[in-house]
Amino acid sequence: MYYNWTKDTNTEELKIVCNLIKNGELVIFPTETVYGIGANALDSNAVNKIFIAKGRPSDNPLIVHIANKSDIDKIAKDITKMEKKLINSFMPGPFTIILKRKECVPNNVSAGLDTVAVRMPDNIIAKAIITYSGVPIAAPSANISGRPSGTSVDDIRKELEGKVSAIVDGGKSNIGLESTVVKVVDEVPVILRPGKVTPEQIEKTVGKVVIDSNVFAKPKKDTKVESPGMKYRHYAPNTKCKLFYAKDEKDLIFEINKQIRIYNNVVVLGFKEHKDKINVKENNYIEVSSKDNIEEYAKNIYTDLRKADNLNANVILIEGVEKKSFGIAIMNRLLRTCEYDYKEL
Ligand code: TXA
Ligand code: MG
């Protein structure tokens with residue numbers, strides 16, 4: 001069933017949706033980062049349905065969503081001072097913390113690890129669904145494994161309809177990129193996946209932060225990674241993608257125009273200001289955002305990647321952003337989108 005709550009949460013429908021969760025069914029719901037495919041995190045059969053619906057490798061663990069900080073103790077244990085400080089500073093919000101797992105959390109949620117990823121979304125609809133379901137909700141991003149995450153229902157309806165019991169529409173996701181994932185190792189917060197909560201913000205709060213080496217690099221085959229999600233192709237359309245960044249925009253425009261001559265039939269995902277300088281047909285230029293608005297860039301990127309894919313080009317050329325602050329998260333995703341086919345000029 002499709003429920004439209006873009007204007008208001010419908011309380012009758014909320015009961016139906018929460019009953020589905022209680023009964024072990026899957027529900028797609030909005031969060032402030034991206035849409036999630038949710039199931040009762042304490043029901044391993046329900047959780048298993050998520051892996052099947054997404055075609056997700058079973059060694060990639062899920063994030064458990066809660067509505068109140070007091071619920072953390074129900075699923076995690078031995079929480080350290082540093083972890084508490086991070087929780088109090090960044091929750092609710094686009095922030096996930098890896099904690100020691102309590103026994104009641106089924107193995108498949110955590111893909112057999114002794115940890116559990118916990119997040120408290122800052123979104124009215126997500127909060128209501130978690131609260132009235134009365135259980136923590138395990139939810140990965142709403143997309144078939146490997147595809148761009150869903151940031152609007154229009155983007156994912158075709159892909160996932162029939163695989164879930166309900167889809168709740170809360171409009172376009174506010175942030176558009178998945179949460180920052182942090183694990184505290186030897187008292188130092190390590191960013192496993194960058195997001196809207198930036199390294200600078202974490203450092204300001206607790207004095208130190210480390211960015212995991214796999215955030216920009218391609219994990220080597222068969223090596224252990226802290227966050228299994230880093231191993232897989234991700235956030236990717238079917239069309240081949242190439243990523244470019246230059247401090248000087250003249251260099252960037254020159255390079256993109258050169259690539260257009262090489263590949264012809266290309267789609268360009270670029271800045272509004274560059275449209276007139278890049279030699280593609282009007283319809284093959286997708287304006288992701290204004291030059292200096294990375295918030296807008298993040299919000300649009302997954303929808304635009306899907307749009308670009310539908311144009312059946314030989315290649316999608318993408319103008320990247322500077323790897324700093326929230327731009328780190330954007331570039332982390334785009335590097336995977338492009339399977340590390342990246343040129344910095
Ligand atoms: O913003 C978000 O985080 C969205 C919304 C729906 O909350 N969720 C999301 O889930 O992005 P997913 O499944 O697409 O990504 C979860 C990431 C994966 O990279 C996974 O490997 C990592 O979190 N992860 C989950 N549990 C972990 C654990 N116990 N240890 C290390 N990494 C973990
Ligand atoms: Mg995902």
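Keep in mind it's a predicted model, so treat the numbers as computed, not measured. Read the numbers this way: they start at 1 and go in the same order the structure lists the ligands and their atoms.
Residue-ligand proximity, Ala117 to ligand 1, at heavy-atom distances under 4.0 Å covers atoms 25 (C), 26 (N), 27 (C). Within ligand 1, the atoms closer than 4.0 Å to a non-hydrogen atom of Leu113 are 28 (C), 29 (N), 30 (N), numbered from 1 in the order shown. Those atoms of ligand 1 that come under 4.0 Å of a heavy atom in Ile63, given as number and element, are 3 (O), 8 (N), 9 (C), 10 (O), 16 (C).
Looking at Glu295 and Lys196, a side-chain N of the basic residue comes within less than 4.0 Å of a carboxylate O on the acidic one, giving a salt bridge. Here Asp304 pairs with Lys307 in a salt bridge; the nearest charged N to carboxylate O distance falls below 4.0 Å. Taking the charged nitrogens against the carboxylate oxygens, Glu12 and Lys15 do have a contact shorter than 4.0 Å, which makes a salt bridge. Taking 4.0 Å as the cut-off between side-chain N and carboxylate O, Asp212 and Lys183 do not count as a salt-bridged pair. Of the charged side-chain nitrogens involved, none lies within less than 4.0 Å of a carboxylate oxygen, so that Asp78 and Lys102 do not count as a salt-bridged pair. Electrostatic pairing of Lys242 and Glu339 does not count as a salt bridge here, judged by no charged N lying under 4.0 Å from a carboxylate O. Ion pairing between a basic and an acidic side chain is recognised when a charged N comes within 4.0 Å of a carboxylate O; Lys208 and Glu187 show no such pairing.
Between Asp341 and Cys241, the shortest heavy-atom contact is CB-O, 4.0 Å.
In this structure, Arg336 is not positioned above the aromatic face of Tyr235 in the sense of NZ or CZ being under 6.0 Å from the six-membered ring centre and within 45° of the axis.
Shown here are the side-chain contact (heavy atoms from CB on, under 4.5 Å) partners of Glu344, two or more places apart in sequence or in another chain: Tyr245, Lys323, Tyr342.
Counting heavy atoms under 4.0 Å from ligand 1, residue Ser110 does not touch it at all. With a 4.0 Å heavy-atom cut-off, ligand 1 is reached by no atom of Lys183. Counting heavy atoms under 4.0 Å from ligand 1, residue Leu62 touches it through the backbone alone. Heavy atoms of Arg56 found under 4.0 angstrom from ligand 1 belong exclusively to the side chain. Of the heavy atoms in Arg101, none comes closer than 4.0 Å to ligand 1. With a 4.0 Å cut-off on non-hydrogen atoms, Ile98 touches ligand 1 through its side chain and not its backbone.
Considering each of Thr180, Asn60, Asn143, the one bringing a non-hydrogen atom nearest atom 18 (C) of ligand 1 is Asn60. Of the candidates Gly195, Ser141, Ser179, it is Ser141 that places a heavy atom closest to atom 10 (O) of ligand 1.
By the criterion of a separation under 2.8 Å, the protein N/O/S atoms near the Mg ion (ligand 2) amount to Ser141 OG.
Below 3.5 Å of separation, one finds an N or O of His65 facing an N or O of ligand 1. Between Thr115 and ligand 1, an N or O atom pair is found at a separation short of 3.5 Å.
Taking the six-membered ring for Trp and thresholds of 30 and 60 degrees, Tyr3 and Trp5 have ring planes inclined between 30 and 60 degrees apart.
Remark: the Arg333 side chain and the Ser149 side chain contain no N/O donor-acceptor pair separated by less than 3.5 Å.
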